[in-house]
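Letters A, B, ... mirror the listed sequences (proteins, then strands); counts begin at 1. Note: hydrogens, waters and symmetry copies are ignored here, and every other heavy atom, side chains too, is used.
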Amino acid sequence: MEHIRMPKVENVRLLDRLSSRRAVVGTLYLTATHVIFVENGSETRKETWVLHSQISSIEKQATTATGCPLLIRCKNFQVIQLVIPQERDCHDVYISLIRLARPVKYEELYCFSFNPKLGKEEREQGWKLVDLNEEYNRMGVPNNYWQISDVNRDYGVCDSYPTEVYVPKSATAHIIVGSSKFRSRRRFPALSYYCKGNNASICRSSQPLSGFSARCLEDEQMLQAIRKANPGSDFIYVVDTRPKLNAMANRAAGKGYENEDNYSNIKFQFIGIENIHVMRNSLQKMLEVCELKSPSMSDFLWGLENSGWLKHIKAIMDAGIFIAKAVAEEGVSVLVHCSDGWDRTAQVCSVASLLLDPYYRTMKGFMVLIEKDWVSFGHKFNHRYGNLDGDPKEISPVIDQFIECVWQLMEQFPCAFEFNERFLIHIQHHIYSCQFGNFLCNSQKERRELKIRERTYSLWAHLWKNRADYLNPVYRSDHSQTQGTLHPQIAPCNFLYKFWSGMYNRFEKGLHPRQSVTDYLMAVKEETQQLEEELEVLQERLANLQKSQSGDNKVKSKQQDRSEQFGLYTSSNSLANTPQEYSKDLKSFPSWSPSQGDEDSALILTQDNLKSSDPDLSANSDQESGVEDLSCRSPSGGGCLPSEDSGKDSDEAVFLAG
Amino acid sequence: MEFAELIKTPRADKAVLHRPFHLAVEGTLCLTGHHLIFSSRQRDNAEELWLLHSNIDSIEKRFVGSLGTIVIKCKDLRIIQLDIPGMEECLNIASSIEALSTLDSVTLMYPFFYRPMFEVLEDGWSSFLLEQEFELLSSVSDEWRLSCVNKEFSVCPSSPPVVIVPKSVDDDALRKVALFRHGGRFPVLSYYHKKNGMAMLRSSQPLTGTNGRRCKEDEKLINATLRSGRRGFVIDTRPLSVAQQARARGGGFEQEVHYPQWRRIHKYIERFHILQESFIKLVEACNDQSHNMDRWLSKLEASNWLTHVKELLTAACLAAQCIDREGASVLVHGGEGTDSTLQVTSLAQIILDPRCRTIRGFEALVVREWLQAGHPFQQRCAQSAYSNSKQKWESPVFLLFLECVWQIHRQFPCSFEFSEQFLILLFEHAYASQFGTFLGNNENERAKLKLPQKTMSLWSWVNRPEELGRFENPLYEANSLVIWPSVAPQSLQLWEGVFLRWNRPSKFLEEAEAERINIIRYNKELQAKVSVLRRELAEMEAEQEVQE
């Protein structure tokens, strides 16, 4: 609390990003965990909650006649524009937020104060929901070829790996340790996915320290052991997910990639996925496009292409498709690595697993997948998502890209996933929110030291409790799309990759379809279930009545109509009633006052314009020149505000708005 | 003329048909006067393809040795390839297809030969009469009348014989107004907004010329739609500069001095060859086989198609907003009043009027605002995206309208009684059909061709219960509200159902649609069962009480 210079500011305006005309006035509060904006006005008192950990940047803009604008960009792609009347207040809020958004200790994060009022028992149960031992057993290991190794039991070999890793049976501790010394950060090859049907597997590691000519016998033996664990195949693929140029450059630093001549029976393959810096910049560019005010179609498409984002998504998918094909169709095992083996490798392994195994396309399975390929194998959540103040160059949307790959697959295979888009969006949200302990720190070791399981709650339990909200209504476990491997189309398929406005424009509700097919169908299914129950009751009562005509067991019939009682989903229409701004010509108006920024002049001119379209005030003589700009707009507002969000202690509020 | 003269080789055996996402099939190719028929003749699963010659947009032939290949590109954007053994056969077949797909006389078109295999329950030619519309209108407003001034198409050749106009304007005045409007298209009622009594009129440009001609009757006519003291909006679908240039050629726009109660808004909508070129580029991009992600997006952008979608939707929303939110009457026109004008007036009605979102209401809209209003279908839809003819009157004006409806549909998936399939059906039939509905350029031509007597109406077929089921939207729940779509680029998508229809795998999407239908069907079955049981139970209980 000592960082809060200004706990409360009144008469703050919250601007709607899409139409600056729609501003609401309210009070801004800073708390230890949230920024809260409460709208004035007696009826609704709409609230906007933003967790400090969601804040990615705060920008103080030049003071105008109406106040001092403050722009808050969030990691879940919410953008909040405030105008604070007094410059000094604005400065205090700004300074406070700068500090609050960049905690220096894990203990400052929300998960350590978040209390969903669950007992100790429930908390423990929650953490047990996802159990990786169970998962490896489900895959079919240990077996004749794979065994659990305790070589890393005290994180002695590799501190970013879990304590329990699966390795080929023929890989002795000596081989593992030897191999680990020849790999970046000692991330030796370990099992990620095992295909029960044909013994093919996906293993993961970091790059070898091969330089220009170095070799390591144990590492070569390790790869040999992986091949031997799949008796049906006489070679393995080694997939380096980096662009060839990057991998070659690494050789100069004593790292690099496997030389096919040194390893027997490997087929080496580059798949050019760019590094975290390229991805960070790409996202930045795409978000700039999303933030454009009334962009033209060309601005948008050109900007989207220029960002390269969808190209990168496709590169990750292509890598996953390649591996899934090798495993499922060729029955060949694959070793995947990039540089450190914790970013691109995690993306590619998890995409491939998702394609291969329908289990990962269920809600529970998807949690397991993230826990397995991301959390347990030391994806650096803290660094990548900037939970604690750190090096901004470490930040990159690595798991965001994986989540988007899943969404792209959902678009192509609408019946294949048990969960819906909202599930993905909420997971993304909580990777940044730090409300739950799952994604804290950079490794399992750090998490254990922090006693995350004793001190925080698990997101998975929370999502599981609310699973009804996350169901895909057209998923059926016996449907053909939910069986076996998914085969996305490979070529030509560029047009299959689409901009995900549900994620990147998540808070601009006005941009989304106003009626949700998913919600509608879920409501129908819920009603169906109630009808089924009622049908049963009715049949029973009818049978009883027929049996005992004497009327002994007479029951009063319920009179109301069930279907009315459950009222099908129609609330979606509430948004239908607000037109947007259908004219783009705002900026061509002469500025109202030179001291004002574009936004404010637009705001005022819009109101002016409205007046002039009112016939009673139409002493306007300049009709000829300005005529093309006189598009009328409706005075009604609302409908597009960022919704309430995140982290209020009642966990309802966190999600239902999302 | 005998079609047989054009068919040199009526049949080729051992032809091979290639289609995307299908295995190649060997079979027999037959040519008839109006169809290309391919039959696989395999015992267990005989496959037949019937293709109307009029659906063929372009044809290419190639030879490798004596094996000829014909690539047929259709107006519905499908591309098929036929391998035909024998150089001569292949050449003959190609030239026959070319001749048969480019017949220049309307009366040789298939609708004049088509004999329906179904019983006509309702003649579609008389399903949507303006008289019926007027009857509905009279029940809410007495300010309008039906005028038969154009009975003989003498006042305006492109307008229907019967129109709705303000009651206070007589036929003599209408004749004078017609002389003041391009092509005689005087302002007529397009839509009456029951909620607030505002009207949407459409017309062509006024013939003000360079010296600012005026027409008192014209002013009186459109002022008759205004409430006292209120203003109206003229939405001109041309940019101001174009409207100004039009004066030099005798056209022009409503000048403020003469129309002081009207405010003019220029909302430019692209038309004619620019639209056609955009269409061609988009289809090219969609058929591009390269793997490069960048090229796809830049080609999509360069086609400008989605820009046109955005601009048109914006204009339609603006018109709807003037009517519903500003409480103002609106007059829409461009130059001739037969293309962009109709796009705007019909889309505005989709937004404003829940009736237009039902199947019958949408059919009525297409009839009223497109067919009767004189959109020159035969000229505009003569060729599609693959043709090399590049005639300046060809333009996908109607397709762009359908696409905008689809965009709104996508944003309000539960507010339309019809499905995307219905829109695709209309697209197909506007370009090639066994029905006479889209033949001719206006009611005048249709009357001369005696289409209602000599051809079958698309509506006669599609409105039969067994067909209608295929075009219903399972998610439909009547929504009486005005629906305001978003026109932001993030909200608009490529219409895959048309543009990627033949080159994307659709199996998984169709399965999802089938699931949706199942979920809703099962729910309805249960509802029916439960209500029957409830009634039975209530009856039995009542009986029992009587007995007691």
> Looking at residues at least two apart in the chain, or sitting in another chain, which of them share a salt bridge (charged side-chain N to carboxylate O under 4.0 Å, His left out) with B:R410?
none
> So for A:Q412, is it side chain, backbone, both, or neither that comes closer than 4.5 Å to the heavy atoms of chain B?
backbone
> Angle class for the A:F413/B:F508 ring planes (parallel below 30°, perpendicular above 60°, tilted otherwise)?
tilted
> Between CD of B:Q490 and CG of A:N505, what distance do you get to the nearest 0.5 Å?
4.5 Å
> Just verifying a value: how many Å separate A:L545 CG and B:E541 CD, rounded to the nearest 0.5 Å?
5.5 Å
> In Å, rounded to the nearest 0.5 Å, how long is the span from CZ of A:F300 to CG of B:L297?
9.0 Å
> Keeping the roles fixed (side chain from B:E301, backbone from A:W302), state whether a donor-acceptor pair exists under 3.5 Å.
no
> Could you tell me if the side chain of A:R541 sits less than 4.5 Å from the side chain of B:M540, heavy atoms only?
no
> Looking at B:I235, B:V309, B:L475, which makes the most heavy-atom pairs under 4.5 Å with chain A?
B:L475
> For B:W484, is there any backbone N or O sitting under 3.5 Å from a side-chain donor or acceptor partner on A:R514?
yes
> Yes or no on side-chain contact (heavy atoms from CB on, under 4.5 Å) for A:Y520 and B:I519, after CA distance, side-chain angles and deciding distance?
CA-CA 11 Å; A:Y520 179 86; B:I519 289 169; over 6 Å; no
> Side chain, backbone, both or neither: which part of A:E532 has a non-hydrogen atom closer than 4.5 Å to chain B?
both
> Which atoms of B:L500 are under 4.5 Å from chain A, going by heavy atoms: the side chain, the backbone, both sets, or neither?
side chain
> What part of A:S298 is in contact with chain B, defined as an atom under 4.5 angstrom from a non-hydrogen atom: side chain, backbone, both or neither?
both
> Counting only heavy atoms closer than 4.5 Å, note whether B:P239 contacts chain A via side chain, backbone, both or neither.
neither
> So B:E311 and A:M297, side-chain contact (heavy atoms from CB on, under 4.5 Å) or not? Walk me through it.
CA-CA 9 Å; B:E311 294 308 318; A:M297 204 72 217; over 6 Å; no
> Of the listed residues (A:Q539, A:K525, A:H479, A:Q529), which shares the most heavy-atom pairs with chain B below a 4.5 Å separation?
A:H479
> Need one label for B:N304: side chain, backbone, both or neither, based on atoms under 4.5 Å from any heavy atom in chain A.
side chain
> Got a sec, which residues hit salt bridge (charged side-chain N to carboxylate O under 4.0 Å, His left out) with B:R521, two or more places apart in sequence or on another chain?
none
> Give, as side chain, backbone, both or neither, the part of B:Q261 having an atom under 4.5 angstrom from any heavy atom of chain A.
neither
> Would you compute the distance between atom OG of B:S531 and atom CD of A:E534 and round it to the nearest 0.5 angstrom?
9.5 Å
> List the steps and the verdict of side-chain contact (heavy atoms from CB on, under 4.5 Å) for A:L542 and B:E536.
CA-CA 8 Å; A:L542 217 73; B:E536 258 176 56; 3.1 Å; yes
> Between B:E496, B:E513, B:Q493, B:Q411, which shows the greatest number of heavy-atom pairs under 4.5 Å with chain A?
B:Q411
> Walk me through it: do B:E515 and A:L521 pass the test side-chain contact (heavy atoms from CB on, under 4.5 Å)?
CA-CA 10 Å; B:E515 280 300 302; A:L521 289 176; over 6 Å; no
> Under a 4.0 Å threshold between the charged nitrogen and the carboxylate oxygen, would B:E511 count as salt-bridged to A:R476?
no
